[in-house]
Number of protein chains: 2
Amino acid sequence: MNDCCRPKLANASLRDTETRRVLLAILHDSTGPLAIPDIVARCHGAGRKANKTTVYRDLAAMERAGIVYRVIVSDRKQYFELTERGHHHHFICLECDHVEDILLDEFDLAKQEAQLVKQRGFSVSRHSLEFFGLCKMCI
Amino acid sequence: MNDCCRPKLANASLRDTETRRVLLAILHDSTGPLAIPDIVARCHGAGRKANKTTVYRDLAAMERAGIVYRVIVSDRKQYFELTERGHHHHFICLECDHVEDILLDEFDLAKQEAQLVKQRGFSVSRHSLEFFGLCKMCI
DNA sequence: CTCTGTGCAAACGATTTGCATGATG
DNA sequence: CATCATGCAAATCGTTTGCACAGAG
């Protein structure tokens, strides 16, 4: 069932372990980015009693390999999602911390980035756009 | 010198204390949002040996009063800036964590927000847009 | 004088690190 | 069987809380 992950790991010269396969399956089944404590819980729920340290290290390794993406969202927790989901933005509920994907046209953000490079001398590698508010459950 | 802060505190029915005046002066002198550990250090540097707990509480109180704004930027640290700086966006250096203000036209972000409300049923109260990369010092 | 602000120590929660053991390729 | 992955305990670091004392209005 999780066999679809094997090539991803192999391509990245990462060893094929049960924990990594479960992690990828969890991210695959999610409709939005997940925080690590949550991922650890789901891991245990799925019958894989992985240690949190391992989860942190595996996600970091898979991020280095480009398989997962670290989402810089709100304070205090880091979220992860599958890179294959592609670039998009997020809506974050201020009440329950739920994070949901938002797909937008990239309007003139790219142009703005180019301008930053020219005018301020930064090297801009990516951007993130988040909307904050209350989700349907919390309104 | 910090007397300019007094009316702000009074208007918010917050007591006029040395720590609060120093905090406002520090934020006033900064060209971008500051993280609390940094603010505490600057506080001590300015001769006000305020306890970090007090700094956390004062900034929270001033945020409640609308005087300062809590910036949701990267992970693990919360940043603050003066509300009077107005709405803008940020550039964050991935190397040194330096945060700098970015002024952009609000292009169609407002329109996008309205769409979110209509299409997804969220209540959106604000957004944040950040650009990540390397600052001039770190390139 | 009363209520709010402050300091200190301890608690918390996410994340990281060191080290010994286990499994993969 | 060499190398990489894992588990466990302890350390870090930003942040929060409880409680007693001090200062502003």
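Just the heavy atoms: all of them, side chains too, but no hydrogens, waters or symmetry mates, feed the values below. Chain identifiers are assigned alphabetically (A, B, ...) following the order of the sequence lines, protein sequences preceding nucleic acid strands; residue numbering begins at 1 within each chain. Here the structure is a predicted model, which means the values were calculated and not measured.
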**Report entry** Electrostatic pair B:R20-B:D16, nearest N-O below 4.0 angstrom
**Finding:** no
**Report entry** Donor-acceptor pair under 3.5 Å, B:K52 side chain vs D:dT15 base
**Finding:** yes
Query - Atom-pair distance (CG on A:D58; P on C:dA23), nearest Å - result: 15 Å
Query raised in the report: D:dT15 C1' sits how many Å from A:K77 NZ, rounded?
Result: 14 Å
**Report entry** Value in whole Å for how far the C1' atom of C:dA23 lies from CG of A:L14
**Finding:** 15 Å
Report task. Measure distances between side-chain N and O atoms of A:R15 and base N and O atoms of D:dT3, and say whether any donor-acceptor pair falls under 3.5 Å. Result -> yes
Report task. Taking only the side-chain nitrogens and oxygens of B:T54, find out if one of them lies under 4.0 Å from OP1 or OP2 of C:dG5. Result -> no
Query raised in the report: In terms of heavy-atom contacts, does NZ of A:K118 have more than 12 from other residues, nucleotides or ligands at under 6.0 Å?
Result: no
Requested in this report: Report the residue (A:R20 or B:A35) whose heavy-atom-nearest nucleotide on DNA chain D is the more 5′ of the two.
Outcome: A:R20
Query raised in the report: OP1 or OP2 of C:dA14 sitting under 4.0 Å from any side-chain N/O of A:Q78?
Result: no
**Report entry** Flag side-chain contact, heavy atom, 4.5 Å: B:R120 against A:I102
**Finding:** yes
Report task. Mind calculating the distance between CZ (B:R48) and P (D:dG23) to the nearest angstrom? Result -> 10 Å
Query raised in the report: Over how many whole Å does the gap from B:D38 atom CG to D:dT15 atom P extend?
Result: 12 Å
Report task. Taking the side chain as every heavy atom from C-beta outward, state whether A:D101 and A:E81 have any pair of such atoms under 4.5 Å apart. Result -> yes
Report task. Please report, rounded to the nearest Å, how far the C1' atom of C:dC19 is from the CG atom of A:N51. Result -> 14 Å
Query raised in the report: More 5' along DNA chain C: B:T53 or B:T17, using each one's nearest nucleotide?
Result: B:T17
Report summary line: A:Y56 atom OH is separated from D:dT6 atom C1', nearest whole Å, by 16 Å
Report task. Classify the ring geometry between B:H87 and B:H127 as parallel (under 30°), tilted (30 to 60°) or perpendicular (over 60°). Result -> perpendicular
Requested in this report: In whole angstrom, give the distance that lies between atom CZ of B:R57 and atom C1' of C:dC8.
Outcome: 10 Å
